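Accompanying notes for the structure given below.
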Amino acid sequence: EDAAEETNISAELIAHRKRLVDEWNTWRVQCEEEIVDRRKGKKGERRGEEAKEEIEVWIDEVIEQIEEEISE
Amino acid sequence: MRPILLQGHERSLTQIKFNKEGDLLFSCSKDHVINVWFSHNGERLGTYDGHNGTVWTIDVDSQSRFLMSGSADNTLRLWSVQSGKCLYKWEFPTAVKSVAFNETDDQVVCITEQRMGFQGAIRVFNISRDGDGTRQASEPAHIFNPIGSKATVCAFSCVPNRVVTGHMSGKVAIFDYKTGEEVDNNERAHGDEVTDLQMSPDRTYFITSSKDKAARLHQTKDLKVLKTYTTETPLNSAALAFGKPYILLGGGQEAMSVTTTSLRQGKFETRFWHKIFEEEVGRVKGHFGPVNTIAVSPTGTCYASGGEDGFVRVHHFDETYFKAKPYGDLEVLD
């Protein structure tokens, strides 16, 4: 019975979380639409050209790491 | 998560900022210096020398061309990111506490402190991007004096002609910078000083931190409070993670009470909270004093914290951070 109760609670919690995420996602989509509308409304709209700059990616590999513990 | 320790400041950090690509990290401090670092290895790329007082605030434009800084020496300065040269300097009667670029990099907003018979002021400057950047208008395009509680932090809104401000009293407000009118406010956004305000990438929402130990998420257009994160320590900074539904909080006791508390008792961690569920999900230790400022790389691959201890720590997220799904398969939009 306890186990049943537990799964019940967690199912409730999962449902609650799902509701919160759905609520958030709906709001985000709404925000995006508002932004698009605002940009359309702007006269002399500036086209944000995405400058395609090459960015070097460094790979930082740890060969050896010594950790010293200094006692106070 | 192996942190990189950036050693170069001699006094506490006041603000840190990543550039848009996340490869550069800018930091300013009470030691009067601004530094720029490579975020991948912590190597110092250069410094911006010239301020004669605590540098309270910095912001970098989206092209990594111009850097703005505001200082206790009562100046706002424009720097060339690449050369490290100061291109222009504006002087005011009081200290500059907060500065921020707009989305299109052609305006900045700044707050000057209310002090010694001078009213606090919010100014918007048009920034000319022509030529080498040394020809700027000496006068602001807009200036107004908010009445009531002092403004501490500011940023441009997603709504044209509007700036959002956080105040000493805990108030959060929207101003029309052309008329100086307070268009909207939330007097009870926080119960104490608003210490940080960071916008989401599209500026439709923002996060604030406060000395009242809480951080809040607000909708930009009407200041509706979306989420609240209540901690047990005064907060100095709050940042939004990108690509993951987390927020990062930093704080600790006041600097003056640090010496009376043992280091072990100190709560000098960066806390990770779930943005939607308002639950703490983890902590990262490191600083030997309060965390004053936190920034997350726009790439979402690392974050940095600047402390009262004078150090900046850069943490690159490891694979587990990206793979972990502590709440199952829920997709959360940024």
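Please read these numbers as outputs of a predicted model, since none were measured by experiment. In what follows, every heavy atom counts, from backbone to side chain, and hydrogens, waters and symmetry copies are set aside. Naming convention: chains lettered A, B, ... in sequence-line order (proteins, then strands); numbering from 1 in each chain.
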Exercise for review: Answer yes or no: is there a side-chain heavy-atom contact under 4.5 Å between B:Phe277 and A:His16?
Suggested key: no
Review point. Ion pair present between B:Glu103 and A:Arg39, side-chain N to carboxylate O less than 4.0 angstrom?
Key: yes
Check your understanding: Less than 4.0 Å between a side-chain N and a carboxylate O, is that true for A:Lys18 and B:Asp329?
Key ->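 Judged by the 4.0 Å cut-off on N to carboxylate O distance, B:Asp329 and A:Lys18 do not form a salt bridge.
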Review point. Does CD in B:Gln82 sit with more than 12 non-hydrogen atoms of other residues, nucleotides or ligands closer than 6.0 Å?
Key: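 Result for CD/B:Gln82: open.
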Point to revise | Closest contact, heavy atoms only, B:Cys158 versus A:Arg38 | key: O-NH1, 3.4 Å
Is the backbone N or O of [Y] less than 3.5 Å from a side-chain atom of [X], with the two atoms forming a donor-acceptor pair by type?
X	Y	answer
A:Asn25	B:Glu331	yes
A:Arg28	B:Asp334	yes
A:Trp24	B:Ile276	no

Practice item. Could you tell me the separation between the CD atom of A:Glu34 and the OG1 atom of B:Thr204, rounded to the nearest 0.5 Å? Key: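 Going from CD on A:Glu34 over to OG1 on B:Thr204, the span is 8.5 Å.
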Check your understanding: chain B heavy atoms under 4.5 Å from A:Glu23: which part of the residue, side chain, backbone, both or neither?
Key -> neither
Check your understanding: Is it the backbone or the side chain of A:Leu20 that comes under 4.5 Å from a heavy atom of chain B, or both, or neither?
Key -> both
Check your understanding: Is it the case that A:Arg17 places NZ or CZ above or below the six-membered ring of B:Tyr327, under 6.0 angstrom from the centre and within 45 degrees of the axis?
Key ->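 No, A:Arg17 does not sit over the ring of B:Tyr327.
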Revision key, fill the gap. Applying a strict 4.5 Å limit to non-hydrogen atoms, the region of B:Glu278 in contact with chain A is neither
